[in-house]
Amino acid sequence: MTSVLKIRDLTLGFRKGRQTAQVLHGISMHVNAGEKVALVGESGSGKSVTAQLALGRLQQERGTLTSGEIEVVGHDLIRHPEAMAPERGHRVTMIFQDPTSALNPVFRIGEIFTEVLRSGGRKVTAAEARDRALKALAEVHIPDPARALDSYPFQLSGGMNQRVMIAMALANEPELLLADEPGTALDVTVQAQTLRLMDDLVTEKGTSVLFISHNLSVVREFADRVYVIYRGNIVEHGRTDQLFANPRHPYTRALLSAAPKLIGGGLPDLPEHSDAFRDPLIVHPGCGEPHEVSA
Amino acid sequence: MSPVLRLLLQRLAISVLVLIGVSILIFFIARIVPGDPARIALGPNASQAQIDALREARHLNDPIVVQYGWFIRDLLHGDLGTSLYTKRPVAQDVATYFPATLELVLYAGAMMILLGLPLGRLAARFQRRWPDHVARLLSVIAVCTPAFVWGVILQLTFAYIWPIFPLEGRLSNGIDAPPLITGFYTIDALLNGQISTFFNAVYHLILPATALALSGIGQTARLTRSSMIETYRRPFIGMSRAYGFREDRISRRFAFWPSLIPTLTILGLDFATMLANAFLVERVFVWPGLSRYGVEVIMRKDLDAIVGVVLVIAAMFLITNLVVDLIVSIINPRIRLAERKAKA
Ligand SMILES: Nc1ncnc2c1ncn2[C@@H]1O[C@H](COP(=O)(O)OP(=O)(O)O)[C@@H](O)[C@H]1O
Ligand SMILES: [Mg+2]
């Protein structure tokens, strides 16, 4: 089985003056081809930075310190993060929390879409770009794709913008889709609708997904495997059925027992943090990292 | 009616009100200031009878409110009154001197935009790296030094010590002004096919326009930089990068246009401020613009001329604002499409 995303003992620190704030403490994870993997944890636990590292962006910024390994669609992103430049928007794409703020307010959807299709220096004529964009928008069930292309993001509803975002994310047929809390800014029904749409499309196309989420019930419905992250450490890893049927790490248990009280299944703010949350990683049977299996 | 047109008409109506307000203000202020304009105009040797006659002819003995009534009546006939100093209609004087000032200011404005925007854009793109440091240093120096000081510095350096540019004036001696069409020597020369006159006019414009533009360039660069840095933090730029848009394209297009919207209004004001700064720069470069006329008529308490000059400058401010509003509404789709969205 090939992995489109492979992370091993990855650490990340931000240097501020003389001090370094350590954000990731040696996490390992992988996403196989065609697999949907969730990364769940409280806000600030290091989910978004993991996605930014997978895009090769964060390690190119000043003041970030990384160690370990991160390999995305075959590129070693610790040593050669610049190798991701032509892959972004093509082999690896991303969907965001709030589609409306992720789309440039002074450009038409069509102009942004064309840029997406041309990113990485690819030659696409205007007519070809429009054609492909129209097809992509039809695929996400936008009623009038031509009108959507001629609209500005603020003229469309949040749900429509999220469909546009999904269309852009899938238009170049990526191998890996990074979905960072997709649509959490939208209202619950619209969020559920667009997630289901995304789910259908990635399943149909066999796109791998790293699904970052706050929402346990969505994770349960959507993901094949789940990593639970707590303050920069992976604490539990298992197939979705295993993890929800038999949560073993104290942190996961605390999350799951608090969650049902919440409408929509959003991740609860745990009122108290117990020392047991720092217990070592628990891996469910059959779920290890690839390098451990082969070693 | 299109939203842009409606906005324009609204602003135009407001502008007319503002002009009326300014005219009242300056009309009364000019008259309250001590000194008898008739006595100044006729000189120390004039007899009391002559002075009285002039005062009578100019309605200066009427109550001030009645005088304003006369003024408005004339204004409605397109008559700004007559200068006591040049003895010519004020409108004609303004038409003579103002194009020189306007030409200078427009060239300076073009420099402000063409140099200030890219400088700010580059500073933002290379934030906290050397292009940023250089741009910021230059901007601060440019902003902190008044335009007339720049005028003196440039004149000393590039016209006196190292004489590559002319010291003063609009054209070299021996070159005739092109036939009057717009009053802008560069444009009139081109319209007449007088290429050498055109280059001579440009040659004379460079130093005063630069002096006038420098603080505007610095101000524009600083504003553009900070606005773009703010834009760079917005999620849609994160999206652009996640999707592999080239950093250069982001800087020129995707971060630039959203950043321009909030800065344009201030840039418009900076541009209009150059009209005021032009007065001193014109003095330095002996530029035959409105400034010399303006200063002269103020010293002489030349009532109609003062009001005329102030009104022209106020009108320029308002026109600038109007143009800026128009540009903003074209760049910002939220304004341009406001109505269409409401209907949809
Ligand atoms: N550019 C940065 N500089 C310094 N600290 C950062 C930066 N980006 C993220 N962090 C810190 O890293 C931690 C993880 O952030 P993030 O991955 O955004 O969390 P989340 O799991 O909510 O997505 C947070 O404590 C955050 O403050
Ligand atoms: Mg996050």
Side-chain angles (χ1 to χ4, degrees), chain A residues 48 51-52 54-58 60-63 84-108 111-122 147 150-157 161 164-165 168-169 171-172 174 177-178 180 185, chain B residues 3-4 121 124-133 224 227-264 327-344:
Chain A
S48 294
Q52 288 299 323
L55 276 175
R57 295 239 314 111
L58 210 48
Q60 286 183 298
E61 271 171 33
R62 279 201 201 168
M84 275 306 281
E87 315 287 25
R88 281 182 218 129
H90 289 268
R91 290 173 75 190
V92 180
T93 60
M94 193 154 179
I95 299 181
F96 306 87
Q97 281 195 13
D98 179 6
T100 306
S101 67
L103 293 167
N104 198 314
V106 299
F107 290 90
R108 291 171 204 275
E111 295 173 282
I112 307 173
F113 218 126
T114 304
E115 197 72 18
V116 167
L117 295 171
R118 284 179 180 167
S119 76
R122 285 158 181 84
R147 206 180 115 181
D150 294 332
S151 304
Y152 291 88
F154 64 87
Q155 294 176 292
L156 303 180
S157 67
N161 282 328
V164 167
M165 209 59 245
M168 286 178 181
N172 291 325
L177 172 62
L178 303 166
D180 191 352
Chain B
V4 175
R121 192 174 65 69
R125 176 170 171 197
F126 298 106
Q127 197 196 346
R128 277 178 272 145
R129 284 185 268 168
W130 70 263
D132 185 26
H133 298 312
T224 308
S227 177
M228 281 194 73
I229 284 174
E230 206 144 294
T231 305
Y232 272 126
R233 294 200 195 103
R234 306 263 301 270
F236 59 82
I237 296 300
M239 179 273 178
S240 305
R241 287 172 169 160
Y243 277 76
F245 296 9
R246 278 194 2 249
E247 205 54 39
D248 188 54
R249 292 272 291 166
I250 294 177
S251 165
R252 281 171 197 278
R253 241 165 94 80
F254 296 101
F256 180 72
W257 292 107
S259 309
L260 199 55
I261 293 167
T263 52
L264 261 180
I327 296 174
V328 168
S329 68
I330 289 170
I331 296 178
N332 189 349
R334 275 181 212 271
I335 298 181
R336 177 157 37 96
L337 302 172
E339 191 149 327
R340 214 181 295 172
K341 197 195 176 188
K343 267 190 215 143

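Order of the sequence lines fixes the chain letters, A, B, ..., with proteins taken first and strands second; residue numbering starts at 1 for each chain.
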In terms of heavy-atom pairs under 4.5 Å with chain B, which of [options] leads?
options               : result
A:S119, A:A85, A:G56  : A:S119
A:S151, A:G89, A:P153 : A:G89
A:E87, A:R62, A:R57   : A:R57

Which bit of [X] is near chain B, if near means a heavy-atom gap under 4.5 Å: side chain, backbone, both or neither?
X      : value
A:A51  : neither
A:I112 : both
A:M84  : neither

note = With sequence neighbours left out, the residues meeting ring pair (Phe, Tyr, Trp, His ring centres under 6.0 Å) with B:F254 are A:F107, B:F245
query = About how many Å separate CE of B:M239 and CE of A:M94, when rounded to the nearest 0.5 Å?
reply = 11.0 Å
task = Give, for atom CZ of A:R118 and atom CZ of B:R246, the distance between the pair rounded to the nearest 0.5 Å.
result =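 If we round to the nearest 0.5 Å, A:R118:CZ and B:R246:CZ are 11.5 Å apart.
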request  = Taking atom CD of B:E230 as the centre, report whether more than 12 heavy atoms of other residues, nucleotides or ligands fall under 6.0 Å from it.
outcome  = no
Top contributor to chain A contacts, counting heavy-atom pairs under 4.5 Å, from B:G244, B:G238, B:S240, B:A255 =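 Top option by heavy-atom pairs under 4.5 Å: B:G244.
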inquiry  = Does any backbone or side-chain atom of B:R234 lie under 4.5 Å from a heavy atom of chain A? Answer side chain, backbone, both or neither.
reply    = side chain
inquiry  = If I measure from the heavy atoms of chain A, does B:R253 come under 4.5 Å with its side chain, its backbone, both, or neither?
reply    =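 Contact with chain A involves both backbone and side-chain atoms of B:R253.
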note = Between B:Y243 and the options A:N172, A:L117, A:V116, the side-chain contact (heavy atoms from CB on, under 4.5 Å) test singles out A:V116
